[in-house]
Novice: 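First, the structure itself, so that you have it in front of you.
First the proteins, then the strands, lettered A, B, ... as listed; each starts at 1. Every value quoted in this text rests on a predicted model; they were computed, and no experiment measured them.
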Amino acid sequence: MGFVSSDQQQLLSKIATSNGHGEDSPYFDGWKAYDSNPFHLTNNPHGVIQMGLAENLLCVDLIQEWVAKNPRASICTAEGVKQFKDVALFQDYHGLPEFRNAVAKFMQKVRGDRVTFDPDRIVMAGGATGAHELIAFCLADPGDAFLVPTPYYPGFDRDLRWRTGAQLIPVHCRSSNNFRITKTALEAAYQEAQEAKIRIKGLLITNPSNPLGTILDRDTLKTLVTFINEKSIHLVCDEIYAATVFHQPNFISISEIVEEEKECNRDLIHIIYSLSKDFGFPGFRVGIVYSYNDAIVNIARKMSSFGLVSTQTQTLIASLLLDEKFVDKFIIENRDRLGTRHLDFTCTLKQVGIRCLKSNAGLFCWMDLRPLLGERTFEAEMTLWHVIIEKVKLNVSPGSSFHCSEPGWFRVCFANMDDETLKVALTRIVTFVLQHKEIEAVSKKKHCWRQSNLQLPLPSRRNTVMAPHMMSPHSPIPQSPLVSAKN
Amino acid sequence: MKLLSSKATCNSHGQDSSYFLGWQEYEKNPYHEVDNPTGIIQMGLAENQLSFHVLESWLAENPDAAGFKRNGESIFRELALFQDYHGLPAFKNALVDFMAEIRDNRVSFDPNKLVLTAGATSANETLMFCLAEPGCAFLLPAPYYPGFDRDLKWRTGVEIVPIHCSSSNNFQITESNLNKAYDEAQRRNLKVKGILVTNPSNPLGTTLSRDELDLLITFITTKGIHLISDEIYSGTVFASPRFISVMEALMENKHKKNNVWKQVHIVYSLSKDLGLPGFRVGAIYSNNEDVVAAATKMSSFGLVSSQTQHLLSVMLADKKFTKVYILENKKRLKKRHEMLVAGLKDAGINCLKSNAGLFCWVDMRHMLTSKTFEAEVDLWKKVLFQVGLNVSAGSSCHCTEPGWFRFCFANMSQETLDLSIHRMKAFVDSYKINTRRPKRNSARRTLSQWVFRLSLQDRKHEER
C-alpha cells in the first residue's frame, strides 16, 4: 500500500490508515514472493510453489462433471433460464429457502447425521471472512476480547479485530502435549485479561484446527463448554474444515455436544461454516453463521445485508447439495483423496527425518523444522523461512504468523496442487533437508578435525545427496541455500 | 454482563421504521393477480423488472457464459478458486465500459480505481469505514433512501446530519441549506467528513443540476471534506435534463485546478439499472489511491461471487447488448412513469417533476387532516390497509414536510400498475366524499370504502 501522507491520513479514517488489515504479516509476504514468480510445471518450473494457501483442489473434477450434467442448476442456461428473473430479483436476506435447506442437510451429512440443523438458523455471510466479522460485531463492543488458542489462522487478526475494534487474547498451547487446549491455559489467559481489565466476550476455536490439522476430542470439547458456561462467555466454533477429516478418530462437532449436554446454555454457542475448504469454492463466497441464540440469528440476519451470497450462486449450491447421491459420493471421495495426499506427503518427509504433528484433517501439515533451526528463536525461524521461500522456492507459512509460541513450526499445504507439482515440491524439500544434514555433518566434522588438527578429504556431496528415487531427473543439484544463510 | 454487543441490541439497523413495517404487512398479504387479487400491491420496493426480456434473450444466445465456459472450454475450476479481492479483470473492464456508456462516454473510468463489493449496501458502508469514524458525520440531502440509516451508521458509528431540502424550490440543494446542515453538525460536536448525495435521487427521481454539482464541489473544496455520489440509478434517466455525473462536473477547469479529485468517490451497483439485486454487485470508484487500497482490502468481507462476475463480464462486454438494453430500459421506464403521473393527476394528485428513477415522489399534502407527521402516518396506514398499496411515507425518508410519498412503478406488470392507479382513484373519490360530509361517529367511518362508493354513485353524478 505504501506510505500514506499526513494529508491523506486526515482524509482517511484511522481504520483505513492502520495496519489492521494484517497484510504486513509474513503470512502474506510469502504470497507476494509467489505472485512475482509463480511455479508452472512447463512454463516456469523453477518458480515458487504455493504451499501457503489452504485450498482444496482434489475433487474439482467431480464437481465439474456434475455442473456439466446439471444445466438446470444454472439459471442462465436454456434449461434453467425460466428461474432467472425470480432469482435475479430475490434479495431477501433470509436467503433462498432451498439454499438454506440444502446447506443444513449437507452440514448434517458431514456430521454423520448425528445431529440436525435448523435451516431457519442459517444466516449468510460473505465467506467465512464475512461470517467471522459479523459474529464479532454481534457479540463484542470495541475493546472487548475473544480468547483464541494458538496457533491460529492469521486472518482472524483482520476478520475479528480490524473494523470491529475487538481484541484477540491468545491461549497458549504447547507442542509438549501436541498443542491440546488445556483448562490451565484457558484459565491463565482469562485471568491475564481480567487483570488487564479487558472484558472477554467469547472463546473462538477452529475445529478441525487450522494450522494443526487435528480435531478436538470429546473431553476437550466438554471442557470448553464447561469453561464458557462458567464464565458466561460465547463459544464460536469455526468448523470450516469439517468435511476434510480423512482418518479416525471421527469428527465431533460442537453441535453434538450441545445436543448431549442438556446443562449447556445454548444461547452461547455459534458455528461458523463455509464451502471454501470442504468443496474448494472460495470464489463463490458462501459463508454461514449458525447460531443457537435466537436474538443473534435475528440480528445477524439483518447484518448479513452487507455480505449476502449471490442468488445465482445460492441456486447452484442448492441444486448441488440437494443431489444426495452426488454429495454422498463426494464426501467419501474427498476424504480418500485427502488421506492419500496426506500420507504421501508425511511419509516422504519422514524418510528424511522431518516430523509432522500427527493429524487427521485439514488441507495441510504442521511441520516440525525445529531441528533445522540454528537457534530456537523466532529470528532463526524467519531466517529459515526466507531461505525456504527464496532459495528452495516454496511458499510455506512460518509458525510465528500463526502466533505459535514455539519457533520452528511451519504450515505446509498439500491439497492445492496436482500430483506432479507435489512431486516437485517434495523433491525440493527432501533435497533441502538432506543438504542441511550434510552441512551439519560437515560442520561437526570440521569442528572435530580442527580440534584434533587432522586433515581429511571431505566426502563427496554428490554421493550422499543424489539418491535417484529422491531427485528429479531434470533438476540440477542446487547449492545448499543454508551455506549462504549461515555464512 | 450483557451477552450481546451494543450494535446487536440497538435499533440502528433501522428496521423499526415504517419503510420496513409496510413491507412486513405486504409479506402477510401479497397481491397476486389470480391467487390474491385483493392483496396489498408492493409499491415500496424500488426494483426494475421492466427489461428482463432483453436479459433473457441474451442468455439464450450466450450459453457459454452461464455454463462456466469460455470458448467452449470449462473454466469452472478457475472461477471456483478465484477469490482475489482485486476482482476478475474481465468483469471490471466490462463494468467500467458500461458505466462510461451510461454517461454517453463523456467520462471514462479506470478499472484499477474500481473496487467490487457485495451490493451498494456494502459499498456505502465500506466507504464510511474508510473515510470516517465514530463521532464523525456525513451530510445527506433529505429526503433520502431509508436504508442509509443502516448502511452508513449502524456498524460504523458515523452519524448522518440531513441537509433539509424544501418543496418550495423542488427539493434542490442550496448553499443556505448546506451551510445550515454543516453548522448543525458542528453544534452537535460532530466532525463533518463529507457529503453523500444520491444522483439521480432516491426518492425524488430527479437529477442534480450542474449548478448543484458545482456548489457541492466548491463546498467540499473549501471545507476539505469528501463527496460521495451514489449513482446507482444513473442508467434510469429517461427524460431531460440529461444525467451529469459528478466525474463529469469535476472535469470543469475551475475544479481541475483545485485538485479536489481525491475527495470525490462514486458508488455504483447493477441492482437498479440491470434489475439484478439478487446478484449483489456493487462498486466503489475513487481517484484516491489510498481509498482504493483500503476499500479493496475491506472488500474481503463482501466480495462478488466469481460465478456472477464471470457471467456479467461476458454480458457487459457485449456492446450490442448494452446498447439495446440501455435504450429499451429508458423507453419502458418513461412509459411507466407517464402512466403513473397521468393516473394520479386524474385523481387530483401531483408528482414532483422527475426524469429518472423507478418511482415518483407524490404530493398528498392536500389529503392530510393536519400538517403533521401523525397525519401522514394515518394517511399512510389508510393507503396500506384500506387501499392495499404499500407506498413509502416521506417521513421514513426523513422528509421535513409531511404529506409526501414515494410510489414505485417499475417492479410490477402494467396491469398491476393500472390496478394500483385505479385503487388510488377510488380512494381519493371516497376520501373527497368523506371530507365533504359532516363529521360522523367512528363506527360509520369504518364501513368499507367500496360500499360507500357503490351507494353514492348517483350522488357523484349530481355533484359533477
Novice: If you count heavy-atom pairs within less than 4.5 Å of chain A, which of B/E56, B/M128, B/R280 leads?
Specialist: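 Highest number of pairs under 4.5 Å: B/R280.
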Novice: I'd like to know if the side chain of A/S291 reaches the main chain of A/V297, judged simply by a donor and an acceptor atom lying under 3.5 Å from each other, with no hydrogens or angles considered.
Specialist: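 Such a contact is absent between A/S291 side chain and A/V297 backbone.
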Novice: What part of A/L275 gets within 4.5 angstrom of chain B, counting heavy atoms only: side chain, backbone, both, or neither?
Specialist: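 For A/L275, there is no contact with chain B at all, as no heavy atom is under 4.5 Å.
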Novice: Look at A/R158, A/H132, A/Q91 and state which one has the largest set of heavy-atom pairs under 4.5 Å with chain B.
Specialist: A/Q91
Novice: Which bit of B/S74 comes within less than 4.5 Å of chain A, counting heavy atoms only: side chain, backbone, both or neither?
Specialist: side chain
Novice: With a 4.5 angstrom heavy-atom cut-off, is it the side chain or the backbone of A/P71 that approaches chain B, or both, or neither?
Specialist: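 No part of A/P71 comes within 4.5 Å of chain B.
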Novice: Less than 4.5 Å to any heavy atom of chain A: does that hold for the side chain of B/D151, its backbone, both, or neither?
Specialist: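 Its backbone and side chain both get close to chain A.
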Novice: Pick one of side chain, backbone, both or neither for A/V286, based on which atoms fall under 4.5 Å of a heavy atom in chain B.
Specialist: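 The answer is neither part of A/V286.
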Novice: Chain A heavy atoms under 4.5 Å from B/W58: which part of the residue, side chain, backbone, both or neither?
Specialist: neither
Novice: Heavy atoms only, distances under 4.5 angstrom: which of A/D61, A/D92, A/N56, A/L308 has the most pairs with chain B? Name it, please.
Specialist: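 When all of A/D61, A/D92, A/N56, A/L308 are compared, A/L308 has the most.
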Novice: Hey, are B/T308 and A/S310 close enough side-chain-wise for a donor-acceptor pair under 3.5 Å?
Specialist: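 On atom types as modelled, these side chains qualify, holding a pair under 3.5 Å.
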Novice: Mark yes or no for whether A/N416, through its side chain, and A/Q50, through its backbone, hold a donor-acceptor pair below 3.5 Å.
Specialist: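 Judged by distance alone, yes, a pair lies under 3.5 Å.
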Novice: At a 4.5 Å cut-off on heavy atoms, which part of A/F137 comes close to chain B: side chain, backbone, both, or neither?
Specialist: both
Novice: Just checking, is any N or O donor in the side chain of B/D318 or B/N62 under 3.5 Å from an acceptor N or O on the other one?
Specialist: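 No, because no side-chain N or O of B/D318 sits under 3.5 Å from a partner of the opposite role on B/N62.
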Novice: Please rank B/A118, B/S122, B/P277 by heavy-atom pairs under 4.5 Å with chain A and give me the top one.
Specialist: B/P277
Novice: Is chain B contacted by the side chain of A/L316, its backbone, both, or neither, given a heavy-atom distance below 4.5 Å?
Specialist: side chain
Novice: Picking from A/S276, A/G130, A/C138, which has the most non-hydrogen pairs under 4.5 angstrom with chain B?
Specialist: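 So the answer, after comparing A/S276, A/G130, A/C138, is A/C138.
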Novice: How far apart are the closest heavy atoms of B/N287 and B/K113, and which atoms are they?
Specialist: OD1-NZ, 3.2 Å
Novice: Could you look at B/L274 and say if it's the side chain, the backbone, both or neither that has a heavy atom under 4.5 Å from chain A?
Specialist: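 Neither; nothing under 4.5 Å.
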Novice: Please flag which part of B/A132 lies under 4.5 Å from any non-hydrogen atom of chain A: side chain, backbone, both or neither.
Specialist: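 Backbone only.
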Novice: Indicate the ring-plane relationship of B/F148 and B/Y145, choosing parallel, tilted or perpendicular according to the 30° and 60° boundaries.
Specialist: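 B/F148 vs B/Y145 ring planes: perpendicular.
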Novice: Only pairs of heavy atoms separated by less than 4.5 Å count here; which of B/V281, B/L79, B/L303, B/L81 has the most with chain A?
Specialist: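 The candidate making the most pairs under 4.5 Å is B/L81.
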Novice: Side chain, backbone, both or neither: which part of B/F52 has an atom under 4.5 Å from a heavy atom of chain A?
Specialist: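 Side chain of B/F52 only, per the 4.5 Å heavy-atom cut-off to chain A.
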Novice: What option among B/E133, B/H226, B/E47 has the most heavy-atom pairs under 4.5 Å with chain A?
Specialist: B/E133
Novice: Is the shortest side-chain N to carboxylate O distance from B/E125 to B/R155 below 4.0 Å?
Specialist: yes
Novice: Atom CG in A/D144, atom CG in A/L160: separation rounded to 0.5 Å?
Specialist: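 Between atom CG of A/D144 and atom CG of A/L160 there are 12.5 Å.
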Novice: Who among A/E55, A/R285, A/M303, A/R163 has the most heavy-atom pairs with chain B under 4.5 Å?
Specialist: A/R163
Novice: Just jot down the side-chain contact (heavy atoms from CB on, under 4.5 Å) partners of A/D267, sequence neighbours excluded, or say none.
Specialist: A/N265, A/N293
Novice: Name the region of A/Q314, side chain, backbone, both or neither, that has any atom closer than 4.5 Å to a heavy atom of chain B.
Specialist: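 Neither part.
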Novice: Check the angle between the aromatic planes of A/F281 and B/F76 and answer parallel, tilted or perpendicular using the 30° and 60° thresholds.
Specialist: perpendicular
Novice: What's the separation between atom CG in B/N48 and atom CG in B/N411, rounded to the nearest 0.5 Å?
Specialist: 9.5 Å
Novice: When the ring planes of A/W162 and B/F301 are compared, do they come out parallel, tilted or perpendicular, using 30° and 60° as the limits?
Specialist: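 Ring orientation of A/W162 relative to B/F301: tilted.
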Novice: Between B/D290 and B/K262, does at least one N-O distance fall below 4.0 Å, as a salt bridge requires?
Specialist: no
Novice: Using a cut-off of under 4.5 Å for heavy-atom pairs, which of A/T311, A/L89, A/V60 has the most such pairs with chain B?
Specialist: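 Option with the top pair count is A/L89.
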Novice: Name the option with the most non-hydrogen atom pairs under 4.5 Å to chain A; the candidates are B/N124, B/L88, B/T121.
Specialist: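 Top option by heavy-atom pairs under 4.5 Å: B/T121.
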